[in-house]
Amino acid sequence: AVRPAIVVGGGAVAASNEVRALAESLEAVVVTTTAGKGVLPESHSLSVGATLQLQATQAMLADADLVLAIGTELAETDSWTTKPLVFGGPLIRVDLDPAKLVDDHRADLVLRADAAAFLRALGPLGEGRNSRDAVGRAREARRANAASWGALARRHIAVLDSLRQALPAHGFVASDMTQIAYTGNCVFPVEYPRSWFHPNGFGTLGYALPAAIGAMIAVPDRPGLALAGDYGFQFTLPELGTAVELGLSLPVVLWNNEGLGQIRDDMVASGIPETGVKARNPDFLALARAYGCGAERPENLPALSQAVTRALAAGRPTLIEVRSDIAGG
């Protein structure tokens, strides 16, 4: 193969070093699913990030003459395509789950194995090979993906950039089912695995806050934040009380677009009435204060970064309400 690609999923989060070694040895472009985000640092020159659902990344995989898929279901909610992904060359799948090795993405070679153990056993490959400009292919896919974002996503990206500036490199984000998180799945840059948690699959509304609390209990030395939309947040809003009782320095960033934005936009695009998607929201800041949380509503992006920085050292959770027009539009 001269255009190899590696697709990495959540089953490889304990194999970060091994994935990097193989990618560099093969000179292979690396794509991750959302669950595998950060297995290869997203700043790495061979990384295309968690962009499996984007057209340029899918085109790159269709052009690859070998695809190695490690620890990934290649599920519909990984790629958001109704048909199996198209791969230009042979597909090799490595997974612990035998059912995944015989599903819709039928492979030319299947290996039932733990990701890290398989990669260690495989050892270095391809030293001295002349892969056809893997770094250039990765760079071009990243460029094309960045150019594909529309106006709404670009507003999301501006907010996500502000959060990234405030959150330490080893920090984590627990995100909810909300439009800004869908954009963040692709664009929020992480350098380590287990740094971006999103409820792919079941699409569980209300996931962000309890997931962030659980992560901070499990790994108390890692800073983190919860990122939720105004509608989904209300499914588990009372867990603010739990975070207060535990004394967690947890920023809870609330993206308030006054409703179920994704469903609303899908209704508009389909030409059907907007039914049940415009929320009657409470006063979120007052509710947060009633629980004993800090509460802020920054008016611009620099103020948002500053609010997150303060919240990471507050000794209690802080609700940070972000209006959807904070970045214009």
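Heads up: numbering here begins at 1 and tracks the sequence. Computed from a predicted structure; not experimentally measured.
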**Q** Mind checking what makes side-chain hydrogen bond (donor to acceptor under 3.5 Å, both in side chains) contact with N145, not counting sequence neighbours?
**A** T57
**Q** Is there a donor-acceptor contact under 3.5 Å linking the side chains of N185 and W196?
**A** yes
**Q** Would you check if the side chain of T236 reaches a backbone N or O of G206 as a donor-acceptor pair within less than 3.5 Å?
**A** yes
**Q** What verdict does the side-chain hydrogen bond (donor to acceptor under 3.5 Å, both in side chains) test give for S195 and R222, after you've listed the backbone C-alpha separation in whole Å, the side-chain angles of each residue and the deciding distance to 0.1 Å?
**A** CA-CA 10 Å; S195 295; R222 286 191 70 186; 3.1 Å; yes
**Q** So if I apply the side chain to side chain contact (heavy atoms under 4.5 Å, CB included) rule between P251 and each of V308, L319, T309, L167, which one comes out positive?
**A** V308
**Q** Any chance the side chains of D266 and Q262 put a donor and an acceptor closer than 3.5 Å?
**A** yes
**Q** Are N256 and V322 close enough, and set up right, to give a side chain to side chain contact (heavy atoms under 4.5 Å, CB included), and what steps lead you there?
**A** CA-CA 6 Å; N256 189 351; V322 180; over 6 Å; no
**Q** Apply salt bridge (Lys or Arg N to Asp or Glu O under 4.0 Å) to the pair R137 and E140, showing each step before the final yes or no.
**A** CA-CA 5 Å; R137 284 184 287 121; E140 174 56 25; over 6 Å; no
**Q** Does E191 have any side-chain hydrogen bond (donor to acceptor under 3.5 Å, both in side chains) partners at least two apart in sequence or in another chain, and if so, which?
**A** S43
**Q** Would you please test F233 and L209 for side chain to side chain contact (heavy atoms under 4.5 Å, CB included) and show each step?
**A** CA-CA 8 Å; F233 176 65; L209 179 56; 4.0 Å; yes
**Q** OH of Y231: more than 12 outside heavy atoms within 6.0 angstrom?
**A** no
**Q** Are D103 and K100 close enough, and set up right, to give a salt bridge (Lys or Arg N to Asp or Glu O under 4.0 Å), and what steps lead you there?
**A** CA-CA 5 Å; D103 64 10; K100 289 292 102 187; 3.4 Å; yes
**Q** Consider only side-chain N and O atoms of T34 and H198, and report whether a donor and an acceptor are under 3.5 Å apart.
**A** no
**Q** Are any of the side-chain nitrogens in D63 or R3 under 4.0 Å away from the carboxylate oxygens of its partner?
**A** yes
**Q** Are the aromatic ring centres of H156 and W149 under 6.0 angstrom apart?
**A** no
**Q** Just by distance, do the side chain of D65 and the backbone of V2 share a donor-acceptor pair under 3.5 Å?
**A** yes
**Q** Among K278, R323, R280, which residue meets the side chain to side chain donor-acceptor pair (under 3.5 Å) test with E258?
**A** R323
**Q** Considering only heavy atoms from C-beta outward, does the side chain of E24 approach that of H44 to under 4.5 Å?
**A** yes
**Q** What I want to check is whether the side chains of E245 and T242 have a donor and an acceptor closer together than 3.5 Å.
**A** no
**Q** Counting heavy atoms not belonging to E76, are there more than 12 under 6.0 Å from its CD?
**A** yes
**Q** Tracing side-chain links under 4.5 Å among I, L, V, M, F, W and Y, which residues wind up in one group with V29?
**A** V7, V31, V48, L52, M60, L61, V67, L74, L85, F87, L91
